[in-house]
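Down below is the structure, laid out as structure tokens.
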Amino acid sequence: MSRVLIVTGGSRGLGAATCIEAAKAGYEYICVNYISNKPRADQVVNDCLKAGAKAIAVQADVSKEADVVRLFNTVDEKLGKVTHLVNSAGIIGPYGRVDEIKADDLAPLWSLNITAMFTCCREAIKRMSTKHGGTGGAIVNVSSASSHLGGPGVNVSYAASKGAVDSFNWGLAQEVAAEAIRVNSVSPGVIDTEIQPPGRVEKVGPILPMQRVGEAKEVAAAIIFLLSDGASYIAGTKVNVSGAR
Ligand code: NAP
């Protein structure tokens, strides 16, 4: 059966690496979601095409419910019903101590890191669940080592958003386990992508247990495994990809 993969935030970083590794692993249909960086999304699409997948780029701000609905409807029409979903789109910030941050400044963080994951999973379940006439599927949510490290003094709010990912992931996994859907997450440590503030990779790498930061493709490898039939009895799990941190 053909696999139809949607990766939110597929134009850069962990999402882009996941799209490319999925194409190399033989996924037939891949949707590269992005918000504004069309050239980078097109580049990922080209890499997927070269690896033999049919790939499309779809612009959608997944923090907006209407955009999520449009994203999944577009995939229905152009590629077929989604069978695999990776929720990678995410942001860090605002930076600072809790006593320095205004509530309004947190809205984009909650709406992307939490609500977007929720609505994308909802749309996927409507298509995958045997309860809704689907044939099942697999979902991977991207959490962060921050959810247990806590980010004190820097980004406690980001850590809290990823704590919500962990709770949601565990609850949803149980909710849909009998409907042929597996839900898991990965929890990356410090990975060299454009989400990092300038200089952080160079500064933090040497003091990590493996004396280096991770690469996007190392996270993608864990995601591809969790999506695969090789992980057929794995659900509700969080896989740390954080180099013993
Ligand atoms: P990144 O390199 O900054 O890439 C972010 C991606 O998300 C881009 O493709 C961007 O699209 C997309 N995006 C941003 N806002 C969006 C929105 N509202 N709707 C749709 N797409 C949106 O980030 P990354 O490092 O790959 O991070 C991916 C995930 O891993 C995030 O959830 C992050 O919290 C998590 N994570 C990362 C690290 C790390 O060290 N890198 C560690 C732990 C967890 P455009 O290209 O169009 O802007």
Side-chain angles (χ1 to χ4, degrees), residues 1-11 14-34 41 44-58 60 62 68-89 116-142 168-186 217 219-239:
M1 205 181 72
S2 291
R3 291 164 293 182
V4 180
L5 169 67
I6 297 177
V7 180
T8 72
S11 49
L14 311 187
T18 299
C19 291
I20 293 162
E21 293 304 313
K24 288 182 186 165
Y27 278 70
E28 291 81 3
Y29 300 104
I30 298 172
C31 169
V32 180
N33 160 249
Y34 68 102
V44 176
V45 165
N46 281 336
D47 288 343
C48 292
L49 293 172
K50 271 188 217 152
K54 177 173 181 187
I56 58 170
V58 178
V62 292
V68 171
V69 171
R70 176 175 54 76
L71 168 66
F72 280 76
N73 286 341
T74 303
V75 171
D76 286 345
E77 282 165 28
K78 297 197 170 164
L79 302 179
K81 275 189 189 177
V82 63
T83 59
H84 295 75
L85 168 67
V86 177
N87 283 308
S88 187
M117 173 192 57
F118 185 101
T119 48
C120 288
C121 285
R122 183 194 70 199
E123 292 305 307
I125 290 162
K126 285 183 190 171
R127 289 157 174 86
M128 294 175 181
S129 171
T130 51
K131 181 171 173 261
H132 298 297
T135 54
I139 296 172
V140 174
N141 295 309
V142 180
F168 176 77
N169 193 73
W170 174 229
L172 182 65
Q174 295 172 80
E175 188 166 297
V176 297
E179 298 164 27
I181 304 173
R182 293 183 303 100
V183 182
N184 288 292
S185 70
V186 291
K217 68 180 181 186
V219 181
I223 293 173
I224 297 298
F225 170 68
L226 290 171
L227 290 177
S228 75
D229 289 345
S232 55
Y233 201 54
I234 300 177
T237 296
K238 179 168 77 167
V239 173

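- Between A57 and Y34 the shortest heavy-atom distance is CB-CE2, 4.0 Å.
- Atom CG of N87 is separated from atom OG1 of T8 by 4.5 Å, given to the nearest 0.5 angstrom.
- Contact annotation: the side chain of L227 approaches that of Y27 to within less than 4.5 Å [non-hydrogen atoms, C-beta and beyond].
- Between the side chain of N184 and the main chain of T237, a donor-acceptor pair closer than 3.5 Å is present.
- Residues V82 and M128 form a side-chain contact, since some pair of their non-hydrogen atoms from C-beta on lies under 4.5 Å apart.
- In this structure, C121 and V183 have side chains that are not in contact, with every pair of non-hydrogen atoms separated by 4.5 Å or more.
- Atom NZ of K81 is separated from atom NE2 of H132 by 10.5 Å, given to the nearest 0.5 angstrom.
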Which is it for I6 and E123 under the side-chain contact (heavy atoms from CB on, under 4.5 Å) test, yes or no, and what are the steps along the way?
CA-CA 11 Å; I6 297 177; E123 292 305 307; over 6 Å; no
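- Put simply, CG on N141 and CH2 on W170 are 14.5 Å apart, with the number rounded to the nearest 0.5 Å.
- Within the 4.5 Å cutoff, the side chain of I125 has heavy atoms near those of the L172 side chain.
- Looking at heavy atoms from C-beta onward, V44 lies in side-chain contact with I20 at the 4.5 angstrom threshold.
- Atom CZ of R127 is separated from atom OG1 of T83 by 12.5 Å, given to the nearest 0.5 angstrom.
- In this structure, the side chain of R3 engages the main chain of G26 through a donor-acceptor pair within 3.5 Å.
- Shown here is K126, whose NZ atom has more than 12 heavy atoms of other residues, nucleotides or ligands within 6.0 Å.
- Annotation: the span from C31 atom SG to L5 atom CG amounts to 8.5 Å, rounded to 0.5 Å.
- When each of V32, I56, I30 is checked for a side-chain contact (heavy atoms from CB on, under 4.5 Å) with V45, only V32 meets the rule.
- Between S129 and V176 the shortest side-chain heavy-atom distance does not fall below 4.5 Å.
- For the atom pair OG1 (T119) and CZ (F72), the distance works out to 8.0 Å, reported to the nearest 0.5 Å.
- V239 has its side chain out of reach of F225: every pair of non-hydrogen atoms, C-beta onward, lies at least 4.5 Å apart.
- Considering all non-hydrogen atoms of both residues, A231 and L226 come closest at CB-O, 3.7 Å.
- When side chains are defined from C-beta on, K50 counts as touching D47, because their heavy atoms get closer than 4.5 Å.
- Closest of all the heavy-atom pairs between S88 and V7 is CB-CG1, 4.5 Å.
- The heavy-atom pair separating A235 from A173 by the smallest distance is C-CB, 4.3 Å.
- Formation of a donor-acceptor pair under 3.5 Å by the N33 side chain with backbone atoms of V58 is found in this model.
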side-chain contact (heavy atoms from CB on, under 4.5 Å) assessment of K217 paired with I224:
CA-CA 10 Å; K217 68 180 181 186; I224 297 298; over 6 Å; no
